[in-house]
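This report refers to the structure that appears directly beneath it.
Being a predicted model, the structure only gives us computed values, none of them experimental.
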Amino acid sequence: MALPAMDAKEIIEHFNRLDNEEKVMVLGAVVCATVLVVYIARSLGSICGGLPSEEDALKQAMPVLSVHLSRFGNEKLGLCLRSEGSYATITGIGDGDLVDNWNQIQTYPEQQLRNGDRIIAVTSGGKTCRDGRLMAARLKENGDVTLTVAVSRTLEEVERYWQRMTGMVTLQDLVLEEAAELGPPEVSSAGPALDKVALEVLQVGPRLFEWNQNCLSKGLCCTQRLEVGDRVISIGGSTNVRKGLRLPSPTVTLVRWQPVGTSCCKNFEVQIERMGPEDRMGMVICPHPLALGPAIVLQIVPDGAVARWNASSYTPILPGDCIVSVNGMTAYSKLQKELTSTSLHLSLQRWELVGSMPTAPFPGPTNLIGGPQPKQSASAVQPSPKEAAAPAQPRRPCLRQPLFWLLLGVLLLLPSVPSLALTPSEWWGEQKATLRMLVTIPSTLPIDSQGALALPLLVLGWLLLMFFMWCEVSMLNSRHKKTLVPQPVVAFLSSTCFGYGWLFLGNWAGVPS
């Protein structure tokens, strides 16, 4: 039965005639629909390229300087700042002041503070400020101050003083959020947008420590170990790493900064002969995220040509090795074709440690900020190899899929989509009729129908409440995994189901509302 159209005045009059409980339910439904619309818009923005690619994220990531300045009296720092949200940009440095004097004693020009560097934290009197609007006032206080500065340097300048290592590692049989403690970036920065979704390794768990020790004992590339201070650029190819923390056996792209000379790049060549076209190579590769080489070796599969070479050679091919060329071909597409040849000449590179790591990341007053060190373990385990090509990333549960919430929002908003056969005035009339039905539905439904709907609504509300509580409890100790959506959506749906369920149950039982 078609409902007559209502103007805005009639809708307001109907709404005012509702009791308080019905008004709350109507407002909850409107807020829930608003949250769904916002989430759909954010999801579409992310799909359309809201976050940069792996290559862009690696290029933007820069190390962080910790600058400690001692003040005796009312000495001036000599900094001109421009507040920009969560950080303050240096726009000028006064001659003869503390910062200028500090710059003069630095050995490397790359260590000096410059215009364009971003101050992301100010520590004074034991308190840390991360609000760009309050940093200027904090810097005026007397006493020592420590500046945490995200440097603005070219890649060439960074590599003169810092040794940057990038690579990809597949953590077989591990889940990243269980194997390590992760948190917001502390020793690196790539700008406010990326820093909100990026994570760094703060603490290495027992299983990840055993994984690292196993990689070290096998002589694998340094990029096959996840260590304290490593910045996680992407998981499974997505730079929104917080969404991939629960993936088993994830493929992680990382970047690490260390003093120049800590590691060296070893170049070597191998000659592999396949026994025939059906003799597979047994090597899983993927393109290098920074194009420093055509491909990175992710995994060696048993019973392949590479595994046979490794068993009889002093220069085995290992996970993490960078393939420079195959039969002289350096482009990734041509390299893949050459890997099907019977005779292959491969040129590879591998990062290896030089001696032992220094106790402090950098000597002198300018250091990368360090994190807690991993606990020692007595034994090492070997990750089990998989007989497959690239390890497939399993699907997340339905309620954790953004597509699920996107489709739910579309279904709820589907009645508002105008038909091609309707004029704008007719479509607006339908919307007002739908709103009228929403605000009058408790009184128009038959009592038997209300009784039949009460129990399913209460059960659905209870299930949504349990899911909401489980998510909240599981995120208590991991604030970086806490998300605003879809938790509010779950809360609004649960409250709406409970409200209508109790109302229908009371009407069916004859209890006045």
ask   = Under 4.0 Å between a Lys/Arg side-chain N and an Asp/Glu carboxylate O for R82 and E84?
value = yes
key: Lys NZ or Arg CZ of K266 over F268 ring: under 6.0 Å, within 45°   = yes
N/O donor-acceptor pair under 3.5 Å between N212 side chain and L226 backbone = yes
task = Walk me through it: do R164 and V255 pass the test side chain to side chain contact (heavy atoms under 4.5 Å, CB included)?
result = CA-CA 7 Å; R164 184 182 68 163; V255 61; 3.6 Å; yes
ask   = Are R114 and R153 close enough, and set up right, to give a side chain to side chain contact (heavy atoms under 4.5 Å, CB included), and what steps lead you there?
value = CA-CA 9 Å; R114 305 177 184 176; R153 307 286 187 270; 3.6 Å; yes
No-hydrogen, no-angle side-chain donor-acceptor test under 3.5 Å, Q106 and Q104 = no
ask   = Is the backbone of M168 close enough, under 3.5 Å, to the side chain of T253 for a donor and an acceptor to pair up by distance?
value = no
message = Looking at R308, I'd like to know if its CZ atom is crowded, meaning that more than 12 non-hydrogen atoms belonging to other residues, nucleotides or ligands lie closer than 6.0 Å.
response = yes
request  = Please round to the nearest 0.5 Å and tell me the distance separating atom CH2 of W309 and atom CD1 of I300.
outcome  = 13.0 Å
remark   = d(L463 CG, C497 SG) to nearest 0.5 Å is 9.5 Å
task = Using atom types as modelled and distance alone, determine if a side-chain donor or acceptor of S341 lies under 3.5 Å from a backbone N or O of E338.
result = yes
Check: S495 side chain, A491 main-chain N or O, donor-acceptor pair, under 3.5 Å = yes
ask   = Under the 3.5 angstrom rule, does the side chain of R274 hit a backbone N or O of L339 as a donor-acceptor pair?
value = yes
request  = Using the side chain to side chain contact (heavy atoms under 4.5 Å, CB included) rule, pick out the option among C265, S263, C221 that qualifies with R350.
outcome  = C221
N327 side chain to S343 backbone, donor-acceptor under 3.5 Å = yes
query = Do S313 side-chain atoms and N310 backbone N/O form a donor-acceptor pair below 3.5 Å?
reply = no
ask   = With side chains defined as the heavy atoms from C-beta onward, is the minimum distance between V122 and L147 less than 4.5 Å?
value = yes
Side chain T148, main chain I120, donor-acceptor under 3.5 Å = no
query = If we ignore angles and hydrogens, is there a donor and acceptor under 3.5 Å between the side chains of T251 and T170?
reply = yes
request  = Taking the side chain as every heavy atom from C-beta outward, state whether I285 and I323 have any atom pair closer than 4.5 Å.
outcome  = yes
Side-chain ion pair, R256 and E200, N-O less than 4.0 Å = no
key: Chi angles and distances behind the side chain to side chain contact (heavy atoms under 4.5 Å, CB included) call for L176, L247   = CA-CA 7 Å; L176 189 55; L247 292 176; over 6 Å; no
task = Among T89, D117, N115, find the residue that satisfies the side chain to side chain contact (heavy atoms under 4.5 Å, CB included) test when tested with S152.
result = D117
request  = Check for a donor-acceptor pair, side chain of T154 on one end and backbone N or O of E157 on the other, with a separation under 3.5 Å.
outcome  = yes
Heavy-atom check, side chain of R280 versus side chain of V301, under 4.5 Å = yes
query = Can you tell me how far the CD1 atom of I317 sits from the CE atom of M281, to the nearest 0.5 Å?
reply = 6.0 Å
Residue pair Q213 / R225, side-chain heavy-atom distance below 4.5 Å = no
query = What pair of heavy atoms forms the shortest contact from D195 to S189, and how long is it?
reply = OD2-OG, 2.8 Å
task = Measure the spacing between OG1 of T342 and CG of L344 and express it to the nearest 0.5 Å.
result = 8.0 Å
note = Those residues at least two apart in sequence (or on a different chain) that pass salt bridge (Lys or Arg N to Asp or Glu O under 4.0 Å) with K59 are E55
L216 and W211, any side-chain heavy atoms less than 4.5 Å apart = no
message = Please check this pair: side chain of E181 against backbone of Q203, looking for a donor-acceptor N/O pair closer than 3.5 Å.
response = no
inquiry  = For M62, give me all partners under side-chain contact (heavy atoms from CB on, under 4.5 Å), at least two apart in sequence or on another chain.
reply    = V151, V158
request  = Answer yes or no: is there a side-chain heavy-atom contact under 4.5 Å between N214 and E210?
outcome  = no
inquiry  = Is any side-chain heavy atom of C322 closer than 4.5 Å to one of H288?
reply    = yes
inquiry  = Any heavy-atom pair between the side chains of W351 and C264 that's under 4.5 Å?
reply    = no
query = Are side-chain N/O atoms of T123 and T146 paired as donor and acceptor at under 3.5 Å?
reply = no
